[in-house]
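All of these numbers come straight from a predicted model, not from anything done at the bench.
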2 protein chains.
Amino acid sequence: MNKAEKTKQFIVEMTAPVFNEKGYTGTSLTDMTNATGLTKGSIYGNFANKDEVALACFDYNLKKVTTIIRQELDKQKTYRDKLLVYVHVYENFLKHPFPIGGCPILNTATEADDTHPLLKQKATDAILSWKGVIMDLIEKGKDNGEFSEDVNAEQTALTMIATIEGCIMIAKLTGKMNYRNTIMQSVEKMVNGL
Amino acid sequence: MNKAEKTKQFIVEMTAPVFNEKGYTGTSLTDMTNATGLTKGSIYGNFANKDEVALACFDYNLKKVTTIIRQELDKQKTYRDKLLVYVHVYENFLKHPFPIGGCPILNTATEADDTHPLLKQKATDAILSWKGVIMDLIEKGKDNGEFSEDVNAEQTALTMIATIEGCIMIAKLTGKMNYRNTIMQSVEKMVNGL
DNA sequence: GTTTTATTATACCGTTCGGTATATTTATAG
DNA sequence: CTATAAATATACCGAACGGTATAATAAAAC
């Protein structure tokens with residue numbers, strides 16, 4: 001990793017939280033120079049434009065989440081416990097190195113769906129990939145005899161994701177932690193009922 | 001309603017969809033003059049600043065939703081059917097005069113939670129009010145004998161809202177209508193299990 | 001150690017931003 | 001019909017926007 005790559009990485013690391021909090025249009029080049037301590041010239045020497053930084057920041061923020069999830073998934077043995085990882089991670093997201101500003105998928109999806117095709121595509125890919133992982137866990141749990149054969153994997157996956165994302169929105173908005181716990185309990189019940 | 005009030009209303013009606021699609025920071029005064037055909041002077045003769053327009057637009061967009069919901073609620077007799085109104089309205093939101101740009105609560109919540117306290121407060125109030133309405137329906141349904149006495153009204157209300165909002169996000173992002181239907185089916189099952 | 005290359009800082013570009021003072025037009029009242 | 005008040009348009013403000021050419025600096029290669 002040469003100097004240029006290190007600086008690119010540094011810029012992404014420092015601006016990623018800003019993009020996740022303020023959004024794409026809400027984050028200015030001044031925000032970016034403040035966050036990094038670098039000048040505009042330095043940033044544009046490493047990235048073509050603001051878009052490229054934003055896209056890299058989304059990847060960075062998303063990877064933070066997927067890394068946590070993957071690590072916790074590996075710790076669990078049963079597929080039920082693996083599914084419950086999503087509940088426990090989001091319930092205690094403060095215990096993990098979670099992106100500042102909340103879920104990058106939710107933030108990007110709601111801002112970019114009508115305005116920014118490239119970011120929208122990245123958010124879409126993230127959702128579809130997430131859905132695929134959950135469906136895979138469910139199918140394997142069915143093969144394994146853990147879950148009933150008549151469980152609808154896609155429906156369960158989509159409902160889990162929807163509830164979790166809605167939960168994040170409500171909890172962050174209202175600031176009520178017991179709201180988050182209550183909703184996550186519902187997801188837990190759902191997983192335990194498979 | 002004099003001319004000034006009519007113009008204020010007109011400005012809100014024409015800019016509300018823009019704010020809901022592009023967000024607060026994403027909507028410029030030029031967007032507003034384009035949407036209305038008025039000049040900046042006209043808009044600022046009727047509103048103190050961009051903030052005031054944005055807040056009025058949120059109220060306008062939210063009222064569109066609550067009006068639809070209230071009308072459909074009145075059509076139903078049982079409390080179970082009233083709860084299912086949320087499922088059917090969001091499932092067929094194209095059949096109703098739904099705000100362009102999607103759910104204003106979701107859009108405002110994710111943009112404003114870290115950046116705009118006044119808008120954040122409005123979104124928070126909307127969520128808490130929504131929760132209150134659902135809880136009220138559930139409690140009355142319990143008194144009525146429609147629902148089991150051991151139903152947790154708050155948990156059910158919060159989970160319904162979270163799942164619906166997450167559903168809107170996923171459906172709008174991916175463009176897959178069957179995703180929306182599938183998730184809403186889960187909410188329907190939940191209501192039918194009360 | 002010098003030259004070449006990569007990286008960062010400076011200074012500036014034109015444009016758009018939110019906002020405003022003032023002039024002009026339109027509606028209302030006497 | 002005229003005087004007054006309300007509403008709208010024009011023209012402009014300073015500041016911040018995203019972006020860039022170039023100069024200065026630091027790193028790498030020979």
Which part of the nucleic acid, if any, lies within reach of [X] when heavy atoms closer than 4.0 Å are counted: base, sugar-phosphate only, or nothing?
X: B:L38; result: sugar-phosphate
X: A:S28; result: sugar-phosphate
X: A:T27; result: sugar-phosphate

Rounded to whole angstrom units, what separation is found between the [atom1] atom of [X] and the [atom2] atom of [N]?
X: A:I11; N: C:dT7; atom1: CD1; atom2: P; answer: 11 Å
X: B:K8; N: D:dA6; atom1: NZ; atom2: P; answer: 15 Å
X: B:N34; N: C:dT16; atom1: CG; atom2: C1'; answer: 13 Å
X: A:F47; N: C:dT8; atom1: CZ; atom2: P; answer: 11 Å
X: A:Y44; N: C:dT7; atom1: OH; atom2: P; answer: 18 Å
X: A:L29; N: C:dC13; atom1: CG; atom2: P; answer: 18 Å
X: B:I43; N: C:dT20; atom1: CD1; atom2: P; answer: 14 Å
X: A:E52; N: D:dG18; atom1: CD; atom2: P; answer: 16 Å

Quick one: the side chain of A:K40 and the base of D:dG19, do they pair up donor-acceptor inside 3.5 Å?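 Between D:dG19 and A:K40, which were checked side chain against base, a qualifying N/O pair under 3.5 Å is present.
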
Do any side-chain nitrogens or oxygens of [X] fall under 4.0 Å of OP1 or OP2 in [N]?
X: A:S42; N: C:dA9; value: yes
X: B:N46; N: D:dT8; value: yes
X: B:T30; N: C:dT16; value: no

Side-chain donor-acceptor pair present, A:Q121, A:D125, cut-off under 3.5 Å: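 A:D125 and A:Q121 do have a side-chain donor-acceptor pair below 3.5 Å.
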
Do the rings of B:Y24 and B:H116 sit parallel, tilted or perpendicular, given the 30° and 60° boundaries? perpendicular

Checking the side chain of B:T159 only, and the main-chain atoms of B:T156 only, is there a donor and an acceptor separated by less than 3.5 Å?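 No: the side chain of B:T159 does not pair with the backbone of B:T156.
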
Has A:K131 got a side-chain atom pairing as donor or acceptor with A:L158's backbone, closer than 3.5 angstrom? no

Check whether NZ of the Lys or CZ of the Arg A:K142 lies under 6.0 Å from the centre of the six-membered ring of A:Y79 and within 45 degrees of that ring's axis. no

